[in-house]
Every structure is written in structure tokens, then in C-alpha cells.
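Fair warning: this is a prediction, and the values are worked out from it, not measured in the lab.
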Amino acid sequence: MLIEQLLPSRLRSRRFARPVLTPPSEAPPLENPANYELLYRLSTRWVRNSVLQGAFMLAGVFSAALGLKAFLLPNDFIDGGVTGISMLVSHVTGISLSILIVVINIPFIVLGYFQMGRPFAIKTLLTILLLALALLVVSFPPLTQDKLLIAVFGGFFLGAGIGLAMRGGAVLDGTEILAVYISRKLPGSIGDIILVINIIIFGVAAWLLSIETALYSVLAYLSAAKTVDFVVSGIEEYTGLTIISAHSEAIRQLITDKLRRGATVYECTRGFGSHGHQHMRMETIYTVVTRLEVLAITGEVHKIDPHAFIVMQSVSDIRGGLVKKRPLH
């Protein structure tokens, strides 16, 4: 899930990575890391990144408040996660939604402090407080009475707010923090755990509100989820290409020399092809490109070898290499 992109690399697996190589005893002592951190904090780059993160968080708060107050709340539609729980409790008890969003998110913020660090927890707390303040102070008039438009665009603006907050290094909903924690204790992915939580939330909504309202709320949630994916990943979603061809060297030169992309070459043995069983040594090329570049690269490859076998798969995240990596925040 998208929350995994905010995790420190050492926390992305159930076991922390162990060093494979130890520096030789005669190696000179390393510089104090605190000096580098101090220099970075005094640099213009840190100031620029901090301002950009703050702008993302403010834009996320505004967009989420617009989606809630102009679309979902006037029609009693809810969202998934902590926001949906807060909206349900507010509907039943009459307690202010602003108070509930802060109070219910506090345990998840504390959990995020231990799971993902103090900077993440501080930014998340600040973002949630700003959202609660916006819901309390800012007034948005209802923009439409069409329930389908309310569900789609309410989810769109709410999802855009969540995605922008994530680009700023925070979250507007603590459910995914809980899912990250549970996924390390129990079998199942983060997405599976979030799905189970939201099924329970929408089931309660169908019981307390109505089945029609719950169904429209599911539509709003799906719209929000797809918008979050787009805002965080954008059109630069990465795709891994595995290319098997007898003209592997020409294709490798095309990718590395002409297109200026990284490539990894594997030696393999061809097993079965259009001419039956074969035991021919050849090379397989693997490269990672953005979704916009897939058509151009495959077109160039087919010019070299019309019979090239190309396998494409989505890549959730990358580190290093020659791919232009757009930062998360």
C-alpha cells in the first residue's frame, strides 16, 4: 500500500536487515553523522523541502475539507478508515466531527511514533489538527444534489487531500498505520487488513444509516482510493520490462545508449519456443521505465526484433539506478 512508501527502509520487512560486510579494522573512523544532519538542516535544500512539504500538507487539508463539507457530510455519506468511524460516531452521538477526528486518531499517531519515527508523528498530528480546524471554521456550500456526483467528487477531493498529505510526509487517517503494525504480527498484507477494517465500517453504516447510503459511501471510498494512487504515484507509475530476444545486444544498446535508461542483463537458456524444444544460450534484458515510456521502448524493440518476447509488470517502488525517481515529498 501507499503507506509503505513512508516507512523507513529498515522497517519494510519483518526482520531488520543485518550487515553483510564489516569494514576492515584499519579503515579510518567515519565522520560524526550529527555533523551532516546539522549541515543539512542549515542548507537551503532543507528549507526548500520543508516549505514544499508544508505546502503539500496545507493543500491536502484544504482538499479533504472540501470533499467532506461540500459533498459527503451534507448527505450523510461516509468514508473508510478513521475518518469514516468519526463520521459514524458523530452521526449517532452528535459530537463534533472535528473533536472525534483528533481524539480517535491519537492512538494511531502514538503508534506511528514508535513505528515510523517522531518526524512522521509530528507532521501527522499537525495535519490532523489543521483538518479538524478547517472542518470547524471553514464553510463550504453544497455544490450539487446529485448523489452519484456527490459520491464520486466527494471521494475525489478527499482522496486528493490524503494523497497530498502523504506527499508531505504525513497521513490524514491512522488506519494504515494500524494496518502496518498488524501486518507484522499476523499473516496478511496491509491492503488485506485495510479491506477488512473498511468492510466492517461500511457494514455498520448500512445498519445505522441505510443500505443505499452505505453503497454510495463505498463508491466514494473507491473514488478516494484511486485518487490517492494517482496523486502519490502519478502518471509516472513504474513498469518492469523483461525482454527475451536473440538480438539482446542491439536491444541493450538501444536502452542504455539511445534511451539513456539502466538495464540488467541475465544469461539464460531458452527452453521451449515456436520451433519446439531449444537449448540455446541467450541473454535476457530487464529494465524499469515509467508508464509513459513503455510504448516508445516496446516500439523500438520490435523494430529490432519483431519476435521479441516482452513481459511487463507493475513496480511499486524503486531505489537507485538510472530511472528518474520522483520524490514522495
Side-chain angles (χ1 to χ4, degrees), residues 1-24 27 30 36 45 48-49 52 163 166-167 189-191 226 228-329:
M1 287 298 291
L2 300 172
I3 191 67
E4 295 184 71
Q5 302 184 43
L6 295 172
L7 285 170
S9 57
R10 66 185 183 87
L11 295 178
R12 295 196 179 192
S13 61
R14 296 178 184 270
R15 295 183 178 179
F16 294 157
R18 297 180 178 178
V20 179
L21 298 175
T22 56
L30 297 176
Y36 291 105
R45 181 182 176 186
R48 183 174 65 252
N49 287 343
L52 186 61
M166 293 184 68
R167 298 273 295 184
S189 66
I190 296 175
K226 296 302 294 183
V228 170
D229 289 340
F230 180 79
V231 171
V232 174
S233 301
I235 58 177
E236 290 189 356
E237 181 181 351
Y238 297 105
T239 301
L241 299 179
T242 302
I243 305 170
I244 303 174
S245 170
H247 304 277
S248 57
E249 179 58 25
I251 295 174
R252 197 272 307 165
Q253 290 180 355
L254 164 73
I255 295 173
T256 58
D257 298 342
K258 181 179 178 181
L259 302 177
R260 300 293 181 182
R261 294 293 180 268
T264 301
V265 179
Y266 301 93
E267 287 193 2
C268 62
T269 302
R270 193 166 191 170
F272 188 88
S274 57
H275 300 289
H277 291 281
Q278 301 175 1
H279 295 280
M280 182 175 62
R281 304 281 299 180
M282 59 189 312
E283 293 179 338
T284 298
I285 300 172
Y286 180 78
T287 185
V288 178
V289 297
T290 64
R291 186 169 55 183
L292 293 179
E293 298 171 312
V294 170
L295 188 60
I297 288 183
T298 54
E300 293 292 331
V301 169
H302 283 137
K303 290 180 182 179
I304 298 174
D305 183 4
H307 303 289
F309 181 64
I310 304 176
V311 180
M312 307 178 192
Q313 69 239 31
S314 297
V315 177
S316 60
D317 197 11
I318 57 172
R319 290 290 184 273
L322 296 180
V323 178
K324 182 181 178 182
K325 175 66 173 175
R326 176 173 46 76
L328 183 62
H329 51 76

Between [X] and [Y], what is the shortest heavy-atom contact and its length?
{"X": "Val301", "Y": "Leu254", "answer": "N-CD2, 4.0 Å"}
{"X": "Ala246", "Y": "Asp305", "answer": "N-OD2, 3.9 Å"}
{"X": "Ala263", "Y": "Ile285", "answer": "CB-CG2, 4.0 Å"}

Counting neighbours of NE2 on His302 that are heavy atoms of other residues, nucleotides or ligands and sit closer than 6.0 Å, is the number greater than 12?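 Enclosed.
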- request: For Thr256, check side chain to side chain donor-acceptor pair (under 3.5 Å) against everything at least two apart and list the hits.
  value: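 Once residues adjacent in sequence are excluded, the partners of Thr256 under the side chain to side chain donor-acceptor pair (under 3.5 Å) criterion are Arg252.
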task = Tell me, please, which residues at least two apart from Thr284 pass side-chain contact (heavy atoms from CB on, under 4.5 Å).
result =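 Partners of Thr284 under the side-chain contact (heavy atoms from CB on, under 4.5 Å) test: Thr242, Ile244, Tyr266, Cys268.
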Value rounded to 0.5 Å, distance of CD1 in Ile310 from CD1 in Ile297 |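 It comes to 9.5 Å.
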* To the nearest 0.5 angstrom, please state how far the CE atom of Met282 sits from the NE2 atom of His247. =>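 Separation between the atoms: 9.0 Å.
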Between Ile255 and Leu241, is any pair of side-chain heavy atoms under 4.5 Å apart?
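Result no, sub-4.5 Å side-chain heavy-atom pair not found.
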